[in-house]
Each structure stands twice: as structure tokens, then as C-alpha cells.
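For reference, the structure is listed below as C-alpha cells.
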Amino acid sequence: MKDILLGINVDHIATLRQARGTSYPDPAHAAAVAEHAGADGITIHLREDRRHIQDRDVYVMAKTIQTRMNLEIAVTEEMLSIACEVKPEYVCLVPEKREELTTEGGLDVIANQQKITEAVEKLTAAGIKVSLFIDADKGQIDAAKATKAPYIEIHTGAYADAESDSEQNAELERIREGVQYAHANGIVVNAGHGLHYHNVKPIAQMPEIYELNIGHAIIARAAIDGLEKAVRDMKRIMLEARQA
Ligand SMILES: CC(=O)[C@@H](O)[C@H](O)COP(=O)(O)O
Ligand SMILES: NCC(=O)COP(=O)(O)O
């Protein structure tokens, strides 16, 4: 069975920096440590409100990341222009609401089919591999396929936030069905949001999943155990789950 890959989101290293407006900690430094510890890629989310990752971080990490950059952006002219200039290996199109604490749901590809299709075409023409951050919904998966984006990232937030075992199991089955459906339709399937050391195993065990993007939980663990150990521990849990 294929190994599952781990993308480390370093947004919340930047959150710590922005809290005091200092030059440290530098997400570019964290990305290098994460790569040394076994990260297969680095994810950064350049939000329109620049609450954590700054434009400077994107341009610096475009030069320093040794694995590959997955740049998360909203579907706006400004962000598409930055992405086409930087040319990361991957761009993941995500929804954004100014007032949200964190991403609250997947892209509504169905309702924005033309706009998202045009964005996928523009990014693809720039040589970028495009992923769409969507819920595990067959209608959204069909709409994502119609945009010709080669990747999707299934939003695992509802699974992570579930308040009962029955709710979490229902969300897990919904994700499983969506992952299998997308994979059967020739889409490369990633997943992420809200995953941590105690809920990642059932997701990592899904053989159709190519990569998990995980940030907040790993950066939080790094505050206690250090980033290298936090990354190695997560990678080990994921690989053991996949091989179980
Ligand atoms: C799209 C997603 O789930 C995350 O990658 C995103 O970065 C969350 O936003 P914050 O990092 O601002 O919490
Ligand atoms: N796309 C998910 C991601 O990059 C990290 O999300 P989280 O682990 O910070 O919730």
C-alpha cells in the first residue's frame, strides 16, 4: 500500500510572530525544520487579511522550501496574481470569510463553477497543480472534476469538531465515501483541517488519500515538545496507521 504524505502548515508560527509584530519566529525557519524532520511539503495560507502569513513569507519560502510549497489562497484576482508570479508547485483554492476564526467549510464549487474553472485554467497555464478545498459531498466532487483541477482536499473539520462518537463516526463515513468517490473518478485526494494526534489515524488509514495537510495541532505540540519531534511523531502515527 502506498505511503501517505504529510504537508505541514506553518501558518501558526506566523500567528505567534504577528502577536507582537516581531521578526520571529520565522515560518521559513519552521518550514526548514519541518522538512528536516520528514515533512513531504509545506503549506501556507496567504489570507486576504494577512492575519498570519505575510506576502514576504511567500516570496522567501518560494526560495527556501526544499520539498514543495502548497499555497492556499482565496479565489480573488489579487491572490491569483500573486500565485502566478510565485509559481508554487501547488495552489489550493480555499473559501475565506473575514470574520472567521479559521476555515469553516469547503469551497462552494457548484455555485461558483465558472469563476473557479477560470481560476483553475489560469493557475494551470502558469504550470501550477491546483487543488480545491471542498467538503466530502458528491455534488461538489463532480463540480470539482468539471473544473479539471487534478487534486481536491477534503475538509475534515466537521469530523474533527464532532461532539459525540456517533457524530464523528457519521462524519468519518461521509469522508470515506467522498474520498472513494473522488478517487474512483480519477482525482488525487488530499485531506486536512483540524486533524491532530488523536483523530488522524482513521483518516490516514484511507488508502485512497495521497496527502494530509496538518498545521495547528503540530505547531501546538511543537510549543511543548519542539517542532522536529512534533513532525516526526505525526508522520510515524500516519505511516503506522497506513500500514496497519
Ligand atoms: C484550509 C484549511 O483548512 C487550512 O489550511 C487553513 O489554513 C485554515 O486557516 P488558518 O490557518 O487561518 O486557521
Ligand atoms: N488545509 C489544512 C491545513 O493546511 C492545516 O489545517 P489545520 O491542521 O491547521 O487545521
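Indexing begins at 1, ligand by ligand and atom by atom, following the structure's order.
In terms of protein heavy atoms, atom 1 (N) of ligand 2 is closest to Glu153 OE2, 2.6 Å. Closest to atom 6 (O) of ligand 2 among all protein heavy atoms lies His193 CA, 3.7 Å. Scanning all protein heavy atoms for the shortest distance to atom 4 (O) of ligand 2 gives Asn9 ND2, 2.9 Å. Annotation: atom 9 (O) of ligand 2 to nearest protein heavy atom, His216 N, 2.9 Å. Annotation: atom 8 (O) of ligand 2 to nearest protein heavy atom, Gly215 N, 2.7 Å.
Taking 4.5 Å as the limit, some side-chain heavy atom of Met206 sits within range of a side-chain heavy atom of Ile175. Residues Val130 and Lys148 are not in side-chain contact: their nearest non-hydrogen atoms beyond the backbone lie 4.5 Å or more apart. Contact of the Tyr90 side chain with the Thr43 side chain is not registered, since no non-hydrogen atoms from C-beta on lie closer than 4.5 Å. The shortest side-chain heavy-atom distance between Ile187 and Ile141 falls under the 4.5 Å cut-off.
Between Leu132 and the options Val94, Ile154, Leu93, Val91, a side-chain contact (heavy atoms from CB on, under 4.5 Å) holds for only Leu93. Shown are Ile134, Asn112, Asp135; of these, the side-chain contact (heavy atoms from CB on, under 4.5 Å) with Leu107 is made only by Ile134.
A salt bridge links Glu228 with Arg232; the closest basic N to acidic carboxylate O contact falls under 4.0 Å.
Look at Glu72 and you'll find a heavy atom under 4.0 Å from some atom of ligand 2. At least one heavy atom of Gly194 lies less than 4.0 angstrom from ligand 2.
Near Thr43, meaning under 4.0 Å from one of its heavy atoms, ligand 2 places the atoms 4 (O).
Glu153 and His193 form no side-chain donor-acceptor contact under 3.5 Å, judged by distance and modelled atom types alone. Using modelled atom types, one finds no donor on one side chain facing an acceptor on the other under 3.5 Å when comparing Glu89 with Asn70.
Using a heavy-atom distance under 4.0 Å as the criterion, the protein contacts of ligand 1 are Asn9, Asp11, His12, His45, Arg47, His52, Glu72, Val94, Thr102, Thr103, Phe133, His193.
Remark: the backbone N or O of Asn169 is not paired with any side-chain donor or acceptor of Arg174 at under 3.5 angstrom.
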